[in-house]
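Structure first, then comments.
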Amino acid sequence: MQPNLERALHYINSHEKTFSSKEIQKAHEDLSACYRSKGKTQDIHNEAMVAAYVSARMPATHAVINTCLQKIATNFAPTSLLDLGAGPGTVTLAALDLWPELKTATLVEHQPSMGRFSKGLFDSLNLKTTFEHLQKDVTNFSLSTKYDLVTLGYVLGELNQDQQFNVLKKAFDATKEFLVITMPGTPHDYKTLMLARDFLIRKGGHIIAPCPHNNKCPLEITEDWCHFSVRLHRTKSHKHIKQGVLSYEDEKFSYLIISKKEACQDFARILRKPIKRPGHILLDLCIAQGTKREIITKSQKDIYKNASKIMWGDAW
Ligand SMILES: C[S@@+](CC[C@H](N)C(=O)[O-])C[C@H]1O[C@@H](n2cnc3c(N)ncnc32)[C@H](O)[C@@H]1O
């Protein structure tokens, strides 16, 4: 587990008002019901629900944002982060795991209970980073500063369409280098993401991932949708709250990484779990011209060796 996520989970148990596992389970049920009926977390209005989000949901959203940030981490080390719809600070935690030298992190969140939690958490971590916690509505505030990295972690789906474009514009204008958007991996969220993608391309953004091109998404005219999956380990308490039996969960997600600068798109994206058959591997790829299936046979030696290690979501 990433060190800062572990510290956050420890913090919820040791520093926050301690809730019995029954109370957290009940709050988790309320949260899940809220997701099912409205697809939103806007009803996180009390400390028990924050504890439930942190214990049951944050490990998965953290794993997703970590997977996405890894894709830009090789040649990029931001000094400033703007975390919009920050919730308990999931994105900021993941960014700090990758870039401990981050100088400033601005977390914008409208729910006071979420903001209180993230402030307490980051104060307790004693890091060199300067944190700014703004209790604001992302649809209704103006930004004058620019940030190396701007993120919208699981928040776009909580806004109506006009609000989405309003926030996307603000987020893009405030970005110096990269804008990263994460969403649940459902067909509905994929559609939202495609509207965001078109909007940001029109604004002059360059797609870094997952798309290897700025053309129309080839999946838009199919029954399929672009999404990926990350496996995360469940701790004992995580398993208990979710009443799960497995020691892991697979979190499906969709995402978009936009750069302000021209991007290298000289790759293909693995769109599904590679199919391994005796003597050959089938790769479903997204390329500039659309989608294609590539068959890699054992006789292709080095290519086959690479293909046997490749995973759903990787660049090829
Ligand atoms: C699903 S949570 C995601 C939290 C965190 N970014 C993550 O990835 O785990 C969405 C967060 O966005 C916040 N949010 C929703 N609408 C908002 C708005 N208009 N202004 C500010 N925050 C908002 C919610 O309160 C919630 O904390």
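Just so you know, ligand 1 is whichever comes first in the structure, and atom 1 is the first atom listed for that ligand. All values below were derived from every heavy atom in this structure, side-chain atoms included, with hydrogens, water molecules and symmetry-related copies excluded.
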Q: Please identify each residue that fulfils side chain to side chain contact (heavy atoms under 4.5 Å, CB included) with Q289, with sequence neighbours left out.
A: I287

**Q.** salt_bridge(D198, K216) N-O dist < 4.0 Å
**A.** yes

Q: Cation-pi check, K261 to F178: give yes when NZ or CZ is under 6.0 Å from the six-membered ring centre and within 45° of the ring axis, no otherwise.
A: no

Q) Is any side-chain N of the basic residue among D314 and K309 closer than 4.0 Å to the acidic one's carboxylate O? A) no

Q.
Does either side chain, that of D148 or that of T79, offer a donor lying less than 3.5 Å from an acceptor on the other one?
A. yes

Q. When T92 is tested against each of D83, D97, T106, T129 for side-chain hydrogen bond (donor to acceptor under 3.5 Å, both in side chains), which residue passes?
A. D83

Q) Got an N/O contact under 3.5 Å between Y53 and ligand 1? A) yes

Q) Under 4.0 Å from ligand 1, counting heavy atoms only, is it the side chain of T61, its backbone, both or neither? A) side chain

Q.
Can you confirm whether more than 12 heavy atoms, excluding those of K276, are under 6.0 Å from its NZ atom?
A. yes

Q. Can you find an N/O atom of G85 closer than 3.5 Å to an N/O atom of ligand 1?
A. yes

**Q.** A86: numbered ligand 1 atoms lying under 4.0 Å from its heavy atoms
**A.** 4 (C), 5 (C), 6 (N)

Q. Which of the atoms in ligand 1, numbered in the order shown and given with their element, are less than 4.0 Å from a heavy-atom of M114?
A. 27 (O)

Q | Per-atom contacts, ligand 1 versus D137 - under 4.0 Å to a heavy atom | A | 18 (C), 19 (N), 20 (N)

Q: Mark the output for K136 as yes if a heavy-atom distance to ligand 1 is under 4.0 Å, and as no if none is.
A: yes

Q. Relative to ligand 1, is H110 under 4.0 angstrom through side chain, backbone, both or neither, heavy atoms considered?
A. both

Q. Does a sphere of radius 6.0 Å around NZ in K169 hold more than 12 heavy atoms from other residues, nucleotides or ligands, not counting ones at 6.0 Å or beyond?
A. no

Q) Do V91 and ligand 1 have an N or O pair less than 3.5 Å apart? A) no

Q: Take every heavy atom of V167, measure it against each atom of ligand 1, and state whether any distance is under 4.0 Å.
A: no

Q) Just which atoms of ligand 1 are under 4.0 Å from any heavy atom in L159? A) 16 (N), 19 (N)

(Q) Testing R269, R293, K292 one by one against D284 for a side-chain hydrogen bond (donor to acceptor under 3.5 Å, both in side chains), which residue passes? (A) R293

Q. Going by distance only, is there an N or O of L84 that falls short of 3.5 Å from an N or O of ligand 1?
A. no

Q) Using a heavy-atom cut-off of under 4.0 Å, does the side chain or the backbone of T90 touch ligand 1, or both, or neither? A) side chain

Q. What part of T182, side chain, backbone, both or neither, has a heavy atom within less than 4.0 angstrom of ligand 1?
A. neither

Q) Are R57 and E251 ion-paired here, with the side-chain N under 4.0 Å from a carboxylate O? A) yes

Q.
Is E109 close enough to touch ligand 1? Criterion: a residue heavy atom under 4.0 Å from a ligand atom.
A. yes

